[in-house]
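Inspection log for the structure reproduced underneath, given as structure tokens.
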Number of protein chains: 2
Amino acid sequence: MKTADTIKVLSALAQESRLAIFRLLVEQGPEGLPVGMIGERLGLPNATLSFHLKELLHAGLVTSRQSGRFIYYAPVISAIDELVDYLTENCCVGSGGTCAPAPAAKRPAAVKRGTKA
Amino acid sequence: MKTADTIKVLSALAQESRLAIFRLLVEQGPEGLPVGMIGERLGLPNATLSFHLKELLHAGLVTSRQSGRFIYYAPVISAIDELVDYLTENCCVGSGGTCAPAPAAKRPAAVKRGTKA
DNA sequence: ATAACAATTCTATCATTCTAGAAACGTAGA
DNA sequence: TCTACGTTTCTAGAATGATAGAATTGTTAT
């Protein structure tokens, strides 16, 4: 994952409402939730909600699909996976740093455990 | 790690200059670097640099210590560690999500591998 | 087509963040 | 103490982000 993309993802998550939206969607599982339900659960007016969903969409953290009259938003778990990879690779080791999942050699970079498969 | 703190850390890292500063510090190791050197390496005027360092400091991502005329800033790796933990616990699993380091039961929450020791 | 509902864009307003010059502060050597 | 050097605070302007009402677009059923 490139640094520029990482910043997009970090920015998207660095906001109370958006982090709450994302966590709610993760909790709901891959099905996701329609916009109205998200707004109801979090108490957000639809204009505000739409604004934040667009941000999450642009950052690649969620996907949307139409189903009847509803538009379902679902989380993209692999985006978090990649963010964690970036942080582990760029912000932990480097010159003797000690972090997360035992750096084997320099980490095979994106073997992708789970997700996406 | 509480959600509010997580947002602080995410916000701090979600900015090009600050992410660059942090990565540079990680690369330099626990000794850190004096402000002037950081500014020189990244081409940032000192007022701007100070502003960003303060942000990183408030988010708990760096520490500072005076050494003679210089003030050294060093990375707090454990902050990343905790961020990764938060993301893994709150933004991955939940209802069948698939992510990072194989969730045993619900993850012993902060056993802290490496770092801080 | 019309009505009812879901969601997004338009628009304006308010708040925060970024940038950087200039001034002030702190530290150390002469 | 004076001077030099490193860093921070002050300040203000520009840019970006957040909020939400109102209007609009899209979807389905009648």
Side-chain angles (χ1 to χ4, degrees), chain A residues 3-25 28 31-76, chain B residues 3-25 28 31-76:
Chain A
T3 294
D5 296 324
T6 301
I7 289 176
K8 265 196 185 173
V9 173
L10 288 168
S11 300
L13 292 176
Q15 208 281 342
E16 203 178 339
S17 299
R18 285 196 296 265
L19 184 53
I21 292 168
F22 189 77
R23 291 185 60 186
L24 176 61
L25 293 180
Q28 285 304 308
E31 302 287 297
L33 281 177
V35 179
M37 189 127 282
I38 299 171
E40 196 182 288
R41 294 275 193 92
L42 302 178
L44 294 171
N46 47 1
T48 303
L49 183 52
S50 251
F51 169 82
H52 289 308
L53 286 171
K54 192 160 72 171
E55 292 269 313
L56 290 170
L57 207 51
H58 285 160
L61 278 161
V62 302
T63 53
S64 67
R65 88 196 126 81
Q66 185 116 19
S67 173
R69 281 205 273 224
F70 302 86
I71 296 179
Y72 281 74
Y73 279 82
V76 176
Chain B
T3 294
D5 296 324
T6 301
I7 289 176
K8 265 195 185 173
V9 173
L10 288 168
S11 300
L13 292 176
Q15 207 281 341
E16 200 177 342
S17 300
R18 286 195 296 265
L19 184 54
I21 293 169
F22 189 78
R23 290 184 60 185
L24 176 61
L25 293 179
Q28 285 304 307
E31 303 286 298
L33 281 177
V35 179
M37 188 127 286
I38 299 171
E40 196 182 286
R41 294 276 193 91
L42 302 178
L44 293 171
N46 45 1
T48 303
L49 184 52
S50 250
F51 169 83
H52 289 307
L53 286 172
K54 193 160 72 170
E55 291 269 313
L56 290 170
L57 207 52
H58 285 160
L61 279 162
V62 302
T63 53
S64 66
R65 85 196 129 82
Q66 185 115 17
S67 172
R69 283 206 272 223
F70 301 85
I71 296 179
Y72 280 75
Y73 279 81
V76 177

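Just so we're on the same page: letters track the sequence lines, and every chain starts at 1.
- Going from atom CG of B:Leu49 over to atom C1' of C:dC18 covers 13 Å, rounded to whole Å.
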task: Scan nucleotides 11-30 of chain D nucleotide by nucleotide, 5' to 3', and note B when protein non-hydrogen atoms come under 4.0 Å of the base, S if they reach only the sugar-phosphate, - if neither.
output: -------BBBB-----BB--
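- For the pair B:Leu10 CG and C:dT16 C1', the computed distance is 17 Å after rounding to whole Å.
- In this structure, the NZ atom of B:Lys8 is 15 Å from the C1' atom of C:dT16, given to the nearest Å.
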Audit row: B:Ile21, B:Leu42, side chain to side chain contact (heavy atoms under 4.5 Å, CB included) steps and yes/no: CA-CA 8 Å; B:Ile21 293 169; B:Leu42 302 178; 3.6 Å; yes
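- The list of side chain to side chain donor-acceptor pair (under 3.5 Å) pairs with a residue in residues 4-20 of chain A, not counting sequence neighbours, reads A:Arg18-A:His52.
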List the atom pairs, with distances to 0.1 Å, where a side-chain N or O of residues 53-61 of chain A and a protein N or O form a donor-acceptor pair under 3.5 Å, not counting sequence neighbours.
none

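- Between the P atom of D:dT8 and the CZ atom of B:Arg65 lies a distance of 14 Å, rounded to the nearest Å.
- Residue pairs satisfying the salt bridge (charged side-chain N to carboxylate O under 4.0 Å, His left out) criterion with at least one member in residues 57-73 of chain A, sequence neighbours excluded, are absent.
- In this entry the distance linking CG of B:Leu42 with P of C:dC18 reads 16 Å, nearest Å.
- Within 6.0 Å of CD in A:Glu40 there are 12 or fewer heavy atoms belonging to other residues, nucleotides or ligands.
- Atom CG in B:Leu57 sits about 15 Å away from atom C1' in D:dT9, given to the nearest Å.
- Separating the CG atom of A:Leu53 from the P atom of C:dT9 is a distance of 11 Å, rounded to the nearest angstrom.
- Comparing C:dA7, C:dT9, D:dT7 by their nearest atom to the side chain of A:Phe70 picks out C:dA7.
- By the side-chain hydrogen bond (donor to acceptor under 3.5 Å, both in side chains) test, A:Thr3 pairs with A:Tyr86, B:Arg23, sequence neighbours left out.
- Using a 4.0 Å cut-off, some side-chain N or O of B:Tyr73 falls inside it from OP1 or OP2 of D:dT8.
- Atom CD1 of B:Ile71 is separated from atom P of C:dC25 by 15 Å (rounded to the nearest Å).
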